[in-house]
Amino acid sequence: MNNEPLSIPKRVRFVELSAKALRALAGGDLAGGSAEAGVALDEYFVCDRARWVFGYRADQLAEDPSAAPWITRVAVSEPDGAVVGYAGFHGSPDEAGMVEVGYTVVPGYRRQGYARAMLTALLVKAVTDPGVTTVRATISPDNNASLATIAGFGFTRVGEQWDERDGLEIVFEVPADATQAEQLSGLGGHGDRPGRAVTMRRAARVG
């Protein structure tokens with residue numbers, strides 16, 4: 001995740017990845033995943049990290065189909081329609097109403113404002129859902145780009161955790177009622193269109 005110059009705010013919409021699309025991408029089938037998603041996906045969607053993410057999400061969806069509205073989606077730039085990354089939450093709101101964001105920008109589109117646009121769109125979805133009370137982000141302490149991306153959204157550092165894949169992470173949270181959807185909408189988030197006091201509950205952090 002990278003931070004970018006923001007002279008002209010970017011805008012993104014999300015395209016759902018079905019269970020079949022997730023399985024195809026997890027297996028390295030870019031053509032099949034693209035066909036299922038209805039958009040031409042970048043080769044980055046079948047790199048090792050992405051394949052692991054999509055396999056994890058496919059398993060999660062098989063176990064809990066109700067998580068479908070929350071988990072990883074394709075991020076498409078508007079109005080040009082370029083696939084710029086993938087983003088979503090790590091699952092449905094937990095018992096305390098917490099959701100955790102995750103977003104990844106395709107390398108060729110980094111440092112252009114898309115990470116901020118994805119985060120904005122995720123926050124719009126979160127704050128307009130009555131079941132969400134808190135939004136969380138976990139970031140490695142040396143990931144200056146991601147730390148800069150969340151700046152200005154009201155996140156507060158609330159603790160640390162150890163991730164099995166990514167090591168030490170700083171945990172940030174923002175109350176959903178502290179963020180106004182109307183304000184966020186002007187920052188570039190469109191959300192979905194067709195085509196926690198700290199609870200260290202996650203053993204793995206994925207996008």
Side-chain angles (χ1 to χ4, degrees), residues 1-2 10-94 99-110 112-126 129 136-138 143 146 149 163-166 188-195 201-207:
M1 294 185 286
N2 291 61
K10 302 296 186 180
R11 305 188 72 85
V12 298
R13 63 182 175 89
F14 292 146
V15 175
E16 182 177 357
L17 286 171
S18 67
K20 190 172 181 180
L22 291 169
R23 289 293 183 198
L25 294 171
D29 181 2
L30 182 62
S34 295
E36 286 296 322
V39 290
L41 302 177
D42 186 272
E43 287 285 345
Y44 189 70
F45 279 71
V46 289
C47 71
D48 289 344
R49 171 70 179 185
R51 289 177 63 178
W52 180 82
V53 168
F54 298 136
Y56 185 98
R57 293 302 177 213
D59 291 343
Q60 180 183 9
L61 193 57
E63 182 177 342
D64 179 17
S66 70
W70 296 93
I71 61 172
T72 307
R73 286 159 142 62
V74 178
V76 178
S77 174
E78 291 194 323
D80 58 292
V83 172
V84 296
Y86 54 89
F89 300 91
H90 293 335
S92 306
D94 69 8
V99 290
E100 183 175 343
V101 295
Y103 48 94
T104 300
V105 181
V106 170
Y109 289 97
R110 292 176 181 170
Q112 298 179 39
Y114 290 112
R116 184 177 176 87
M118 289 183 204
L119 177 57
T120 299
L122 292 174
L123 288 171
V124 168
K125 175 174 176 57
D129 189 291
R136 174 180 294 179
T138 56
N143 191 339
S146 288
T149 295
D163 181 86
E164 292 179 354
R165 291 180 64 92
D166 299 325
H190 281 179
D192 293 314
R193 293 188 178 181
R201 65 184 183 88
R202 298 198 59 79
R205 173 176 174 268
V206 300

(Q) What I'd like to find out is whether the side chain of V99 reaches to under 4.5 Å of the side chain of W70, using heavy atoms alone. (A) yes

Q) Hey, does Y44 have a side-chain heavy atom less than 4.5 Å from the side chain of T104? A) yes

**Q.** Within-4.5 Å side-chain heavy-atom neighbours: M118 and V84
**A.** yes

**Q.** L25 vs L17 side-chain heavy atoms within contact, under 4.5 Å
**A.** yes

Q | Residue pair T149 / Y103, side-chain heavy-atom distance below 4.5 Å | A | yes

Q: Salt-bridge test for R13 and E78: reply yes if a basic N is under 4.0 Å from a carboxylate O, no otherwise.
A: yes

Q) Which atom pair, heavy atoms only, marks the closest approach of A21 to A37? A) CB-N, 4.5 Å

(Q) Filter on salt bridge (Lys or Arg N to Asp or Glu O under 4.0 Å), then keep only pairs touching residues 19-33, sequence neighbours left out; what's left? (A) K20-E36, R23-D59

Q) Yes or no on side-chain contact (heavy atoms from CB on, under 4.5 Å) for F89 and V101, after CA distance, side-chain angles and deciding distance? A) CA-CA 5 Å; F89 300 91; V101 295; 3.7 Å; yes

Q. About how many Å separate CZ of R73 and CG of L122, when rounded to the nearest 0.5 Å?
A. 10.0 Å

**Q.** Distance-minimising heavy-atom pair for E16 and A68
**A.** OE2-CB, 4.3 Å

Q | CD-CZ distance between E100 and R136, expressed to the nearest 0.5 angstrom | A | 6.0 Å

Q. When the ring planes of F54 and F45 are compared, do they come out parallel, tilted or perpendicular, using 30° and 60° as the limits?
A. parallel

(Q) So, taking the atom named OG1 in T72 and the one named CG in L22, what distance separates them when rounded to the nearest 0.5 Å? (A) 7.0 Å

Q. What is the minimum heavy-atom distance between S77 and D80, and which atoms define it?
A. OG-OD1, 2.6 Å

Q: Report the distance from atom OH of Y114 to atom CZ of R11, rounding to the nearest 0.5 Å.
A: 12.0 Å

Q | Smallest separation among heavy atoms of S92 and A67, with atom names | A | OG-CA, 3.4 Å

(Q) Is it true that, when you exclude D48 itself, more than 12 heavy atoms of the residues, nucleotides or ligands shown sit nearer than 6.0 Å to its CG? (A) no

Q. Taking all atoms of both residues into account, what is the closest heavy-atom pair of V83 and V74, and its distance?
A. CG1-CG1, 3.7 Å

(Q) To the closest 0.5 Å, what do you measure between OH (Y109) and CG (D42)? (A) 7.5 Å

Q | Interatomic spacing from CD1 in I71 to CG in L61 - rounded to 0.5 Å | A | 4.5 Å

Q: Please examine the side chains of K10 and Q112, heavy atoms only from C-beta on, and report whether any two atoms are closer than 4.5 Å.
A: yes

**Q.** 4.5 Å side-chain heavy-atom contact, E43 and L30
**A.** yes

Q: Indicate the atoms forming the closest heavy-atom contact of G32 with A24, along with that distance.
A: C-CB, 4.0 Å

